[in-house]
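Small disclaimer: the values here were computed from a predicted structure and weren't measured. Quick note on labels: first sequence line is chain A, next is B, and so on, each numbered from 1.
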Amino acid sequence: GAGESEARREGSTEQSTVDAARAMVEKYTPAATSYPEITPIDGDVTDLEGKKVWFVPIGAAVPGLRLFGEAMDDAFSRIGIDVQICDGKFVPNAIAACLEQAGTSGADAVVTAYVDYGLVSTAIDRLVDEGIPVLVAGAAAPEGVSNSPMLAFDDTAPDQDLSEQLAASAIIVDSDGTGNVLYIGPNDSPNVSGVGDRAVTYLEDTCPGCAVTRIEYATASLDKLPSQVSAALIKDPSIDYVLTQVDPATSPAVSGAQSAGAIDRLKFATAGADLAGLQDVEAGGHLIADAGYSLVYAGWRFGDGILRMMTGGTPATDSSVLRLFTTDNVQALDLTPEGYASHDWYGDDSFEDGFLEAWGAQ
Amino acid sequence: MTSASPRLEMLGISKTFGQHRVLSEVDLVVGPGEIRGLAGQNGSGKSTLIKILTGVHRPDPGSTIRVDGAPLDLPVRWTAAHAAGIAVVHQDLGLLDHLTVAENVCVGGFPTRHGRIDRRRRDRLAARTLERIGADVSPLAVVGELTAAERAEVAIARALRDHAPGGGLIVLDESTRLLRGADLERAHTLLRRLAETGSSILLISHSMSELQSLPGRVTVLRDGRVSADLGVTVEPISEARIARAMLGDAVDEFRRGTRARPADDVPRVRVEGLTGAHVREAAFEIGRGEVLGITGAPASGYEEIPLLLTGARAARAGTAQVGEHSVDLTRAGVRHALRAGIVLVPERRDRDGLALELSVADNVTLPRLGSRSRFYLSRSWRDRQAARAIRDHGVRPAAPRALVRELSGGNQQKALLAKWLSAQPVLLVLHEPTQAVDVGARRDILARISAAADDGASVLVVSSEADDLAAVCDRVLVCTSEGDLVETSSTDSAVLLDHVFATYTEERS
Amino acid sequence: MTVQHDQAETVGPETVDATAPARARRRGAFLSRYALIGVWALLIVVYSILMPTTFMTTSTVQAILGSQSALLLLALAALSTFVAGEFDLSFASVMGMSATLVPVLTALHGVPIVLSCLIAMATALACGLLNVLFVVVLEVPSLIVTLGTASLYLGLAQLVASSTIVSISHEAFSDLALHRVLGMPLSFYYGLGACLVFAYVLAYTPLGRHVIFVGANRDVARLAGIDVARIRAGSYLVASALAGLAGIVLVASVGGFDPVGSSVYLLPSLAAVFLGTAVVLPGQFNPVGTFVGIYFLATGIIGLQLLGFSGWVQDVFYGGGLVLAVSVAAVVRRRVAVS
Amino acid sequence: MTVQHDQAETVGPETVDATAPARARRRGAFLSRYALIGVWALLIVVYSILMPTTFMTTSTVQAILGSQSALLLLALAALSTFVAGEFDLSFASVMGMSATLVPVLTALHGVPIVLSCLIAMATALACGLLNVLFVVVLEVPSLIVTLGTASLYLGLAQLVASSTIVSISHEAFSDLALHRVLGMPLSFYYGLGACLVFAYVLAYTPLGRHVIFVGANRDVARLAGIDVARIRAGSYLVASALAGLAGIVLVASVGGFDPVGSSVYLLPSLAAVFLGTAVVLPGQFNPVGTFVGIYFLATGIIGLQLLGFSGWVQDVFYGGGLVLAVSVAAVVRRRVAVS
Ligand SMILES: Nc1ncnc2c1ncn2[C@@H]1O[C@H](COP(=O)(O)OP(=O)(O)OP(=O)(O)O)[C@@H](O)[C@H]1O
Ligand SMILES: Nc1ncnc2c1ncn2[C@@H]1O[C@H](COP(=O)(O)OP(=O)(O)OP(=O)(O)O)[C@@H](O)[C@H]1O
Ligand SMILES: [Mg+2]
Ligand SMILES: [Mg+2]
């Protein structure tokens, strides 16, 4: 109502909010020039030559998920470890079959990507029982479970949270701290809903002058998202920003906005930084900002984690490389599938040496 | 040139299915303005010959087809044959029930204006065509609501629609089968008139009387060859000659010889108060070993009696006492009727009688499956059962694993009879049991029916064929236009026809 | 197609054949024809009462009418095969193929946008031709073939996309879909236009009536001189052309497409076509019914969303709505025919 | 069911059929019967040559045979309706419902696992009954009804799951699916057993033959005294029982389930059933063919994965394999019948 928007336009909090957001945006707009230190591994990595690691993404059809595996493969090729990719096809029993097969075909370690532990708990537990270390990457540990050399979790939620915050900051800056934001996120699993919860909280907490409306959808019924977006925009005609949690939701959101006749008043931001998103930013389309973290770097990091587990330790690295893409910095990038599949958008590849050194391979 | 060449020349037509030669070197030449009959035993290849003409089957190499002297490319593309003036009245008429008469008549040649169907002209075209064949059917009627005779007329009208007077060839594949009495007469008159203008007609029929009265010449197929080309200028073709050409031998007419029921015999089957949509309060009795016939004029509704009596359609009232079973026909379904030993050999074998996509063995053994064991039926048992039934009924080819679809129409009919006789019925109800069968097969079927009665079954034959009823029945009831059953004084076919004709004219007036 | 077969089969001896008097029948026809439209109206009234300020607004109307164009084109693609007695499940993948090709060709390979669209349409037609090869020429059951080619085309589209989603932004191109005329985006008029053309052809031209004969009984159609193979082939080609067009409209309005997502369009399109058999010409596939079906479902869904429901409620509405509408229409039709 | 209709129709005009002498026919039957099994063998040989060390290992065999049980049960569910001439598209949602109920009841509400399974099965049967109500009692076309109820049950399953994935770990319960006997998990034997029972019933019992008659021609079956309605209803109930069982086996082997994912099981199950029509009894739905179809596809996919292909190649293999296998079988069958 009117009182609320009165409150939103209050002066001082607004300014400090915008400044903080701007500082964040400025920090993450340039490419990385240096990378975090990696603590050296205790055990002897050269012993692991000839070992076999299975990589099981929840679905290889998603480019980003496959990229983790390819990056890990690239990393491990330097130290003579084989990586076998098995596609989970988004189907629990296909994932379970992959894990099963890894176990029976003598895998020395298994890395899953974005598979919720709960979805295939039985299969994972069996692998652990057989003495095969499993790194559950991209998913949170269930309550009461902590990382051990046999079963560890490398949650990328902090990276996603930070990406969301960057995209949100871009909106805060753009709106001068007064944006009325529609937040759109999937609710497929506790992990992804959690990211959404925290992003909304962040917006509410750091930008008192902003308003947030949230809608959730299930990825399998993405076809109904456009009308859901239309409905939200009709209900609240003052919404002027749309923040999508992941980029696949952007085009349904755009089309929902179009059919509600609201597209002209809206600016979009998203996280994930896929090729389509950056192309849109570059072309001055609907997106004003797209934040993401380097998938290649994350692939190396998962590799690092499983190496530590294979040598009897627990994962110790949770660093990542993020960047916020806006019209100011996308022009210089190589916006091709090859560019997307590399680390180039985020900086040079000197981080590889950091990992290799920590593994005693250089 | 056109007038000089024959209308249709099919020369050296052969057709082989697998290694089975169905037609060999058949020649068929039809001149302009000629009505040609095509006869032959079941499975002799008549339908196959027509299907080659319409492009359903590809003939073996060496075959030639010419229309008005111009060769048709083989296999025939039906659109080309159609353009050359050939039209076919489909065996099952091929009408779409939910559309109007006008649409059914005009399909394939709608009059248009600016690319759009001109409805007015379409209806006029249909009306004119119907009028030309003397049919009294409104172009706006929905086909699903017409009687069988009217439907046949609509189908014939479609074939004649684009027909240029004096040209073309019309093929009727057993399509007069559903017409009776005056309707049949009218159709015959129509065909004669068409022929007089110069159009040619090719008529496939199993009806001896039709073959004798209508065509000038009859071509007879036997085992896939032309066995006779009987012309009639001097003497009318005799039934015996056709039959001899078809079967290689004369057929002696089957006669059961009526037997009187002992006066003190308590009839085993007693039907009372049977009422359906047309029949009212019908009542009759059938003794053990007795064959009762029921017939009537086409619209009198007697044709629902077999359905009502066997539970296939619920009656409004009526009971049947069969032996010690009493069946309430308003509530009983087929299963109750079967349990009482009542069995129906239905009229429409393709829809109600046999599953065309399953094998002969599957179909023939169906009624007995449950009697064997609930938990194990061996294949060899089924094959043995089927082989016996096939042998007993002379089904050809004698292959239990052949699909029913691959049998000719008449052989399907034999298989259907075999299926239901194997159920050893107490009351056997047959509906048009000899339709689409050749004279030889007809004799066999009638003999089988008679034998079933001699073995102790009570038999009810519901048929429009006076000759069949005369041949096999001990008594015959005629259904009047009011839906009452009247017993005839004799089972002689002439007497029967008189009775039917009487009720028919009474209804018409 | 199955719907019609099923109906034919139920008319066994037991059912009373519909020789009901013409008037009662016509009244019944009217009832079963417009029942769904009545329910639609009711839905609108209920929503308007529940949400007096938000529901009856131009933007809601725009959101309902403007958002379904791709789905409508796809439903028409499905319809095009159904009326001819065929069954196509591959249309969603064909749409995915065309929606993938346009941005990939233009954004990655610099092909002019018009040429990209032409290539996309040509590819869609090629997909249709492959279906024709198997279904019409080799006579393999259509359900099996198109289930297979659906997966095949999806794989090829993914190959084309080379596993990245590419987007284009091209003002003139997106205007093609989004430019507003009378408050509605152009894409709405494409769907509407296609629907009307379709309805016209089916009802008023020889071609359309022939298609219906082919769909009802192929043998009869053949002996009536209709070129059955050509009509069957044509139905697949029209279906793939419509699917290709749907793909282009889709990218034009959103800019990019992920082929993996194409299968989500399959079931809603089929549902709309089936729902359409409950309207206008009950028991028959018809374009106007499909149109009503799509916008009925869209109205229901958007109303629910405005009320704040999402997730399971939508699925329940979708499924329940479809089943109830078709059942009520079928039962009313039969009841009236009997009484 | 459509496949049979289609075939009935295709045997119309263009095709030519077989009253060929028994020998030629039997040779043809043999060829078309076992062609797919030949291709399967070939595939195994090729993979073994390409990957001598990885492919021909126990683990690969186990992975192929051990991973498909839920899919096999689902395919049998589909088959159960197809043979009776019905069409069920809701089985995947019924499976989703049962796979959601078990962990939700046990992990969230503390219901004993056995009771949860019973409740899940009862719910599955209730879903089947609802289908029966619409399809058999109200005579609404099955394709429409089950497309609708698929969405309905999915919505209800989501309601039950209330947007979280619950997992259970219960040793004895998961052993029910995973305990190894002769190197294979128990669940493999469930699928195999169901398949054999099914094949036996269809081929060797009066019930099975009656079902086949109902599927081939309902009127003929009715006039032969078969209780058509009961058999049709039974086919839906068996289908939903199998789907419910598939759900239980699924949770037992993986531990948890997300209902929105259930629709991904629909098309692969249908594909397997259709592929099965190319084997053993060509042109007919048959359980053994379905079994072969499933494991043929699984072999192909796993080989491709081991070779490092994923994504589009798999979809192409899936679709291409289905279309080619069925077409080759159909064409061989026809060719042999003619020559
Ligand atoms: N599609 C087919 N495949 C194999 N054999 C066939 C096929 N169609 C017909 N036949 C065989 O060809 C022969 C001739 O059949 P056709 O239908 O031409 O006989 P018909 O003369 O029309 O007999 P009827 O008077 O009984 O209709 C029969 O032996 C039949 O079994
Ligand atoms: N002789 C009969 N005549 C008419 N209706 C009957 C007769 N017998 C039973 N019915 C009716 O048919 C219906 C079903 O009866 P019944 O219990 O015999 O069948 P059922 O239980 O299906 O038999 P089953 O399962 O043993 O084959 C009931 O409504 C019953 O009144
Ligand atoms: Mg014939
Ligand atoms: Mg009759």
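- C:T57 touches chain A through its side chain: at least one heavy atom from C-beta onward sits under 4.5 Å away, while N, CA, C and O do not.
- When A:S251, A:G284, A:A262 are compared by the number of non-hydrogen pairs under 4.5 Å with chain C, A:S251 comes out ahead.
- The distance from atom OG1 of C:T54 to atom CD1 of A:I234, rounded to the nearest 0.5 Å, is 8.0 Å.
- Residues C:Q305 and A:K235 fail the side-chain proximity criterion, which asks for heavy atoms closer than 4.5 Å.
- Counting non-hydrogen atoms of other residues, nucleotides and ligands closer than 6.0 Å to OH of C:Y295 gives a total above 12.
- Partner of A:S227 under the side-chain contact (heavy atoms from CB on, under 4.5 Å) criterion, chosen from C:I64, C:L306, C:L304, C:I301: C:I301.
- Contact annotation for residues 96-117 of chain C against chain A (heavy-atom separation below 4.5 Å, listed by residue number): C:A107, C:L108.
- Of residues 253-261 of chain A, those residues with a non-hydrogen atom less than 4.5 Å from any non-hydrogen atom of chain C are, in numerical order, A:V254, A:S255, A:Q258, A:S259, A:A260, A:G261.
- Only the backbone of A:E216 comes within contact range of chain C, with at least one heavy atom under 4.5 Å from a heavy atom of that chain.
- The parts of A:D280 that come within reach of chain C are both its backbone and its side chain, each placing non-hydrogen atoms under 4.5 angstrom from that chain.
- Heavy-atom distances place the side chain of C:Y318, and not its backbone, under 4.5 Å from chain A.
- If you tally non-hydrogen atom pairs under 4.5 Å between each of C:S187, C:G66, C:S253 and chain A, the highest count goes to C:S253.
- Of the two parts of C:P268, only the side chain, counted from C-beta on, holds a non-hydrogen atom closer than 4.5 Å to a non-hydrogen atom of chain A.
- Counting heavy-atom pairs closer than 4.5 Å to chain C, the top-ranked of the candidates A:A232, A:A283, A:P337 is A:P337.
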